Amino acid sequence: MSPLTIIGGGWAGLAAAVRATQAGFAVRLLEAAPQLGGRARRVTHDGLALDNGQHILIGAYLATLQLLKTVGVDTSTVLWRLPLQLQSLEGDGLSLPALPAPLNLLAGVCTARGWSWPDKLSLVRQATRWQAQGFACEAQLSVAQLCQGLSRKVMQQLIEPLCVSALNLPAEHASGSVFLTVLKDALWSGKGSSDMLLPKVDLGQLLPDVAHAWLRDHGAVVQTGQRVDDLGPWLEQPVLLACPAWEAAKLTQHVSPIWSNQAAKLTHTAITTVYARTAQGLSWPHPVVALPSHAQAPAQFAFDKGRLSADAAWQGVLALVVSASSGDREALTQQVMTQVRDQLGIHDASLLTTIVEKRATFACMPGLKRPTMQVAQGIWACGDYIAGPYPATLEAAVRSGNAAIEALRQ
Ligand SMILES: Cc1cc2nc3c(=O)[nH]c(=O)nc-3n(C[C@H](O)[C@H](O)[C@H](O)COP(=O)(O)OP(=O)(O)OC[C@H]3O[C@@H](n4cnc5c(N)ncnc54)[C@H](O)[C@@H]3O)c2cc1C
């Protein structure tokens, strides 16, 4: 059996470890933290299992869904499948019916509440143009430039929320070509690809706990609390770096300065999740609602965790997500709690905790050159930041882990 050391046990490292074990490698996975999962991990607050940040998956995450299946997760019981809906509590905005693509989009656009016919036509015209161009555009275009023909309402209620949740950047700064890839795979692919998949369990239960057990049962060695500060002792065997860009940059400074420099140059944007609790019964149409977000009301989405799970501990728990967040924790928390009161009409909400992940995702800007998976002889890298079609997402991480093992096998 060929040995393989994987450094980092986030979703990329876990995907790589599972794929490598299946391919017959003797895997040793070293994770610095006490638990697996990386940025998509369980965080316990006063005995309550929450996440490092509320996550959603979509139906187009084929590699992620396959990984969950491989390690034995029954996705139909742990994920709440909901046709894409970006509607406010009042029902304004887009909601797609359960039809094959692109009929679902067409029907959703025609029935979007609060959109005039010029709004709807601007989207149909633009979408037809993108499709005719094969969902490709110049690398230097931003999402805002790409969408110049769209009405203000479509920008506010569709493009801006989609862009900030997929690329974690506002439309003026986000890569148009990566955004088009996301649109194509989510909205123009197979049935269900645009569906939102909302975890009904904490992120630890969704993958890391199950993958850990699977790896152990299949002979892989998994060591948590095992930080690697120097690659030297590990270089007698192939090494796969599955740690984030800034850590990979430090570890490769001497072995591959050019690669290291490129990884170190990536900039990052934050995501803040405010968790709150209410005793007020909620009667939202879905477990997630879009919020009318602006500078003083920064959260874009609210999740009713109690609706997602029968677990008594989650009843009344809300997760409010501020993508591309900036500013200090206290101010953000206050603004979001005001949104809970004024926009959601919840008057008794108490704060549970606020989690600010400063380097949540790399900034997926127009024309960005991302590091490749080959670092140097015998050293490979995987992770959501490695060159690929997707922005920093679970799917990008999993695909990158799989791709690194396929490359290593050759
Ligand atoms: C708040 C938040 C919300 C998000 N929401 C979504 C969402 O809704 N949908 C979506 O698809 N994506 C979302 N993402 C993005 C997604 O979580 C990431 O893209 C993905 O988890 C990245 O996985 P990774 O394995 O590439 O990196 P990481 O998760 O960063 O994993 C790297 C691992 O390496 C370990 N490590 C670091 N240094 C060392 C070292 N020296 N030695 C050993 N181990 C080391 C770390 O502890 C970590 O476990 C979100 C991210 C955040 C932070």
Side-chain angles (χ1 to χ4, degrees), residues 5-17 28-43 50-58 60-61 63-65 67 162 164-168 182 186 196-199 203-204 206-208 211 222-231 234 239-252 266 268-275 288 300-301 303 319-325 354-362 364 370 373 381-386 388 390-402 404:
T5 307
I6 300 177
I7 299 174
W11 287 48
L14 289 171
R28 176 182 294 271
L29 176 68
L30 306 171
E31 165 55 51
Q35 82 281 28
L36 300 171
R39 278 167 277 162
R41 67 177 185 277
R42 172 174 50 239
V43 169
L50 298 171
D51 295 321
N52 183 45
Q54 176 67 43
H55 279 57
I56 57 173
L57 292 75
I58 59 168
Y61 281 14
T64 307
L65 293 171
L67 171 64
L162 268 187
V164 83
S165 44
L167 277 73
N168 197 26
V182 173
M196 300 166 109
L197 307 177
L198 310 177
L203 288 174
L206 186 59
L207 175 72
V222 178
Q223 290 174 281
T224 52
Q226 188 76 35
R227 186 183 176 78
V228 175
D229 286 313
D230 176 12
L231 275 189
W234 304 100
V239 169
L240 175 59
L241 301 171
C243 44
W246 58 92
E247 287 285 338
K250 270 194 253 164
L251 288 171
T252 54
L266 294 177
H268 293 84
T269 47
I271 301 179
T272 296
T273 309
V274 176
Y275 288 103
V288 54
Q300 296 96 2
F301 289 98
F303 294 79
L320 291 304
V321 176
V322 188
S323 292
S325 65
T354 298
I355 300 181
V356 182
E357 181 69 61
K358 285 218 167 101
R359 290 189 284 196
T361 65
F362 72 85
C364 191
R370 289 153 68 174
M373 68 180 153
C382 64
D384 61 358
Y385 69 95
I386 294 294
Y390 276 9
T393 51
L394 298 173
E395 180 71 2
V398 170
R399 281 188 183 205
S400 164
N402 289 344

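Side chains are part of it too, since the values below use all heavy atoms of this structure and drop only hydrogens, waters and symmetry mates. Counting starts at 1 for both ligands and their atoms, following the listed order. Not measured: the values here are computed from a predicted model.
Residue Y385 does not touch ligand 1, judged by heavy-atom distances below 4.0 Å. In L36, neither the side chain nor the backbone holds a heavy atom less than 4.0 Å from any atom of ligand 1. Contacts between A242 and ligand 1, counted as non-hydrogen atom pairs separated by less than 4.0 Å, involve the backbone only.
In this structure, R370 forms no cation-pi arrangement with Y385, as its terminal cationic atom is not both closer than 6.0 Å to the ring centre and no more than 45° off the ring axis.
Among all protein heavy atoms, the one lying closest to atom 36 (N) of ligand 1 is C243 CB, 3.8 Å. Nearest protein neighbour of atom 8 (O) of ligand 1, counting heavy atoms only, is I56 N, 2.8 Å. Protein heavy atom nearest atom 27 (O) of ligand 1, with residue, atom name and distance: R39 NH2, 2.9 Å. Here the protein heavy atom with the shortest distance to atom 23 (O) of ligand 1 is A397 CB, 3.6 Å. Here the heavy atom of the protein found nearest to atom 31 (O) of ligand 1 is G10 CA, 3.4 Å.
Across Y61, W11, Y390, heavy-atom proximity to atom 10 (C) of ligand 1 is greatest for Y61. Of the options P199, G8, A245, the smallest heavy-atom separation from atom 34 (O) of ligand 1 is shown by G8. Of the candidates K358, H55, E357, E247, the one placing a heavy atom closest to atom 53 (C) of ligand 1 is E357. With A32, P244, S323, G383 as candidates, the residue nearest to atom 37 (C) of ligand 1 on a non-hydrogen basis is P244.
For ligand 1 and A360, the ligand atoms under 4.0 Å from any heavy atom of the residue are 52 (C), 53 (C). Atoms of ligand 1 lying under 4.0 Å from at least one heavy atom of G53, given by number and element, are 1 (C). Per-residue contacts place A12 under 4.0 angstrom from the following atoms of ligand 1 (heavy atoms of the residue considered): 25 (O), 26 (O). Close contacts between ligand 1 and I7 involve ligand atoms 42 (N), 43 (C) [criterion: under 4.0 Å to a heavy atom]. Atom numbering of ligand 1 starts at 1 in the shown order; those under 4.0 Å from a heavy atom of V228 are 40 (C), 41 (N), 42 (N), 43 (C). Numbered from 1 in the order shown, with element, the atoms of ligand 1 that lie under 4.0 Å from a heavy atom of A392 read 15 (C), 19 (O). Within ligand 1, the atoms closer than 4.0 Å to a non-hydrogen atom of L30 are 43 (C), 44 (N), numbered from 1 in the order shown. Interface atoms of ligand 1 facing Q226, defined by a heavy-atom separation under 4.0 Å, are 43 (C).
Scanning all heavy atoms of the two residues, the minimum distance from D51 to Y275 falls at O-OH, 3.0 Å. Of all heavy-atom pairs between N402 and A63, the closest is ND2-CB, 4.1 Å. Heavy-atom minimum distance, S323 versus V164: CB-O, 3.5 Å. Of all the heavy atoms in A40 and H55, the pair that sits closest is CB-NE2, 3.6 Å. Looking at every heavy atom in both residues, P208 comes nearest to L14 through CA-CD1, 3.9 Å. Here the closest non-hydrogen pair linking T64 and W11 is CG2-CZ3, 3.8 Å.
Taking the side chain as every heavy atom from C-beta outward, I7 and V239 approach each other to under 4.5 Å.
Put simply, the residue from L206, T393, L198 that forms a side-chain contact (heavy atoms from CB on, under 4.5 Å) with L57 is L206.
The shortest N or O to N or O distance between E31 and ligand 1 is below 3.5 Å. Checking only distances, D384 does come within under 3.5 Å of ligand 1, N or O to N or O.
Partners of R42 under the salt bridge (Lys or Arg N to Asp or Glu O under 4.0 Å) rule, at least two apart in sequence or in another chain, are D202, D209. Scored by the salt bridge (Lys or Arg N to Asp or Glu O under 4.0 Å) test, D229 finds R227 as partners (sequence neighbours excluded).
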Stepwise side chain to side chain contact (heavy atoms under 4.5 Å, CB included) test for C364 and N168: CA-CA 8 Å; C364 191; N168 197 26; over 6 Å; no
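Side-chain polar atoms of T273 and Q54 form no donor-acceptor pair below 3.5 angstrom.
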